[in-house]
Trainee: 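There's a structure below that I have some questions on.
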Amino acid sequence: MNQDYLTQLGFKFGKNGAHSARSMMIEEIQHLLLSRDKTATKDDYENDIINFNILHKPTEKSRQLTYRHLVDLYALDRNVLLFDVLRNWWDLKEEAQPILALQLAIARDPLLRSSAAVIRQLEPGEYLARETIEAFLAKDDPGRFSAASLKSFSQNINGTWTQAGFLSGKAKKFKEIPKVCFVNVAYALFLAHCQGLSGQRLFDSFWCQMLCQEMDTLYDLAYMASLRGLIKYKHAGDVIEISFPDLELPEV
């Protein structure tokens with residue numbers, strides 16, 4: 001799929017991203033979506049954050065920055081397909097929400113998306129130094145970011161992976177195997193589907209592999225998602241068929 005089409009769906013591309021400013025702010029997005037039902041509009045969310053200050057920010061400027069950051073990460077617009085699907089599935093299982101937020105944030109933040117390569121290669125319990133992320137971000141263009149910027153970006157990125165359960169610890173970070181739910185696997189399959197993949201290639205995609213689960217676990221959770229009606233899933237031998245009964249992608 002070309003980038004223009006994927007951008008229409010809600011993906012973002014480039015070099016910079018929201019994590020140059022903040023983490024994925026899981027508490028804020030959970031509180032924001034809890035405060036409204038699925039019919040809420042982008043204007044509703046803006047009004048809640050800036051005028052009613054439901055996220056309890058100390059100044060008008062911080063409220064405006066929070067709103068801009070959440071829009072950058074999540075769109076907050078039902079006309080954006082990636083957010084629309086997330087919002088439809090958000091309330092199905094509360095335990096799935098941190099990883100669900102991470103999945104959409106990765107789709108919309110190239111900076112965070114690039115860091116998945118570092119997280120995926122870590123063994124459970126392995127220590128992740130902040131400098132490792134800094135070096136990874138700087139490797140393709142060493143002079144692009146200042147040392148202070150790299151430190152800030154790394155802290156934000158590590159904070160997000162920690163909020164989603166892929167890392168643990170405060171001052172020192174260690175790799176964890178996250179607790180993935182059927183909603184997360186369904187959303188990963190959906191993201192891969194948006195990129196034109198099908199069959200086994202959906203499970204082999206970046207979106208499923210970043211969940212750091214065994215393939216059999218992914219299959220089992222996909223089956224659970226099918227029982228809940230999120231997807232249609234058939235698996236016989238080497239043949240896998242997956243479709244999304246309530247979702248229709250726009251024409252390319």
Side-chain angles (χ1 to χ4, degrees), residues 1-14 17-19 24 26 29 33 71-90 92-93 96-117 119-120 157 160-161 163-166 178-213 215 217-226 228-233 240-252:
M1 295 294 178
N2 63 57
Q3 286 192 6
D4 289 341
Y5 177 77
L6 292 173
T7 299
Q8 178 186 344
L9 301 183
F11 292 87
K12 286 188 174 183
F13 301 92
H19 279 72
M24 72 172 182
I26 186 59
I29 190 64
L33 297 185
V71 168
D72 201 8
L73 282 174
Y74 306 112
L76 304 182
D77 185 348
R78 297 301 300 265
N79 294 313
V80 177
L81 184 61
L82 296 195
F83 176 73
D84 186 55
V85 174
L86 174 138
R87 188 64 192 89
N88 281 335
W89 294 353
W90 184 258
L92 294 176
K93 199 167 183 65
Q97 291 174 0
I99 294 179
L100 201 56
L102 172 74
Q103 290 172 287
L104 180 52
I106 286 176
R108 292 180 58 80
D109 184 349
L111 204 61
L112 178 64
R113 187 157 64 242
S114 69
S115 71
I119 302 301
R120 285 175 58 192
I157 288 170
T160 284
W161 288 107
Q163 291 170 34
F166 288 74
K179 296 180 180 179
V180 172
C181 297
F182 67 91
V183 183
N184 304 122
V185 172
Y187 196 69
L189 295 169
F190 160 69
L191 291 169
H193 172 65
C194 288
Q195 295 181 328
L197 301 180
S198 61
Q200 180 60 45
R201 292 196 301 160
L202 291 168
F203 289 97
D204 295 333
S205 70
F206 163 83
W207 300 104
C208 278
Q209 295 308 305
M210 63 144 283
L211 296 175
C212 299
Q213 306 294 307
M215 189 62 70
T217 301
L218 295 175
Y219 293 152
D220 289 344
L221 291 172
Y223 176 70
M224 290 179 62
S226 72
R228 296 295 297 268
L230 303 187
I231 63 175
K232 288 186 177 179
Y233 173 51
I240 292 177
E241 294 181 11
I242 291 179
S243 60
F244 299 83
D246 298 323
L247 300 174
E248 185 174 346
L249 298 182
E251 294 185 5
V252 179

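Throughout, numbering of the chain's residues begins at 1 and tracks the sequence. Every value quoted in this text rests on a predicted model; they were computed, and no experiment measured them.
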Trainee: As an exercise, state the distance from NE2 of His193 to OG of Ser205, rounded to the nearest 0.5 Å.
Mentor: 12.5 Å

Trainee: Which pair of non-hydrogen atoms, one from Ala101 and one from Ile29, has the smallest distance, and what is that distance?
Mentor: CB-CG2, 4.4 Å

Trainee: Mark yes or no: Arg113 above the aromatic ring of Phe13, with NZ or CZ under 6.0 Å from the six-membered ring centre and no more than 45 degrees from the axis.
Mentor: yes

Trainee: Going through the distances and angles, do Leu33 and Leu86 end up as a side-chain contact (heavy atoms from CB on, under 4.5 Å)?
Mentor: CA-CA 11 Å; Leu33 297 185; Leu86 174 138; 4.2 Å; yes

Trainee: Would you mind reporting whether Cys194 and Leu82 have side-chain heavy atoms less than 4.5 Å apart?
Mentor: yes

Trainee: Take Trp90 and Val183 through the side-chain contact (heavy atoms from CB on, under 4.5 Å) test and state the conclusion after the steps.
Mentor: CA-CA 8 Å; Trp90 184 258; Val183 183; over 6 Å; no

Trainee: Would you say the side chain of Pro250 lies within less than 4.5 Å of the side chain of Gln8, judging by non-hydrogen atoms?
Mentor: yes

Trainee: Under the side-chain contact (heavy atoms from CB on, under 4.5 Å) criterion, do Asp204 and Met215 qualify, and how do the steps go?
Mentor: CA-CA 9 Å; Asp204 295 333; Met215 189 62 70; 3.5 Å; yes

Trainee: Counting only heavy atoms not in Tyr219, do more than 12 fall under 6.0 Å of its OH?
Mentor: yes

Trainee: Would you give the length of the straight line joining atom CD1 of Ile231 to atom OH of Tyr223, rounded to the nearest 0.5 angstrom?
Mentor: 11.5 Å

Trainee: Check whether any side-chain heavy atom of Gln209 lies under 4.5 Å from a side-chain heavy atom of Leu218, and answer yes or no.
Mentor: yes

Trainee: Where do Tyr74 and Met24 land on the side-chain contact (heavy atoms from CB on, under 4.5 Å) test, with the steps shown first?
Mentor: CA-CA 9 Å; Tyr74 306 112; Met24 72 172 182; 3.3 Å; yes

Trainee: Less than 4.5 Å apart, side chain to side chain, heavy atoms only: is that true for Val85 and Leu247?
Mentor: yes

Trainee: For the atom pair NZ (Lys93) and CG (Leu100), what is the distance rounded to the nearest 0.5 Å?
Mentor: 13.0 Å

Trainee: Classify the ring geometry of Trp89 against Tyr187: parallel below 30°, tilted from 30° to 60°, perpendicular beyond 60°.
Mentor: perpendicular

Trainee: Minimum heavy-atom separation for Gly196 to Arg201, with atom names?
Mentor: O-NH2, 3.8 Å

Trainee: Looking only at heavy atoms, what is the nearest atom pair of Phe166 and Cys212, with distance?
Mentor: CE2-SG, 4.0 Å

Trainee: Check whether any side-chain heavy atom of Met210 sits under 4.5 Å from a side-chain heavy atom of Leu102, and report yes or no.
Mentor: yes

Trainee: Starting at CG of Leu112, measure out to CD1 of Ile157 and round the result to the nearest 0.5 Å.
Mentor: 6.0 Å

Trainee: How close do Gln213 and Leu211 get, counting heavy atoms only, and between which atoms?
Mentor: NE2-O, 3.0 Å

Trainee: For the backbone of Met224 and the side chain of Tyr233, can you confirm whether one donor and one acceptor N or O come within less than 3.5 Å of each other?
Mentor: no

Trainee: Measuring from Gln103:CD to Leu191:CG, what's the distance to the nearest 0.5 Å?
Mentor: 6.5 Å

Trainee: State, yes or no, whether a side-chain contact exists between Leu189 and Phe203 at a heavy-atom distance under 4.5 Å.
Mentor: yes

Trainee: Working to the nearest 0.5 angstrom, can you tell me the gap between Phe206 CZ and Gln195 CD?
Mentor: 8.5 Å

Trainee: Grab the two heavy atoms, one from Ile99 and one from Ala164, that are nearest each other, plus how far apart they are.
Mentor: CG1-O, 3.4 Å

Trainee: Taking all non-hydrogen atoms of both residues, which atom of Cys181 and which atom of Ala96 are closest, and how far apart?
Mentor: CB-CB, 3.9 Å

Trainee: Do Asp84 and Asn79 have side-chain heavy atoms sitting under 4.5 Å apart?
Mentor: no

Trainee: With a 4.5 Å limit on heavy-atom distance, are the side chains of Pro98 and Gln163 in contact?
Mentor: no

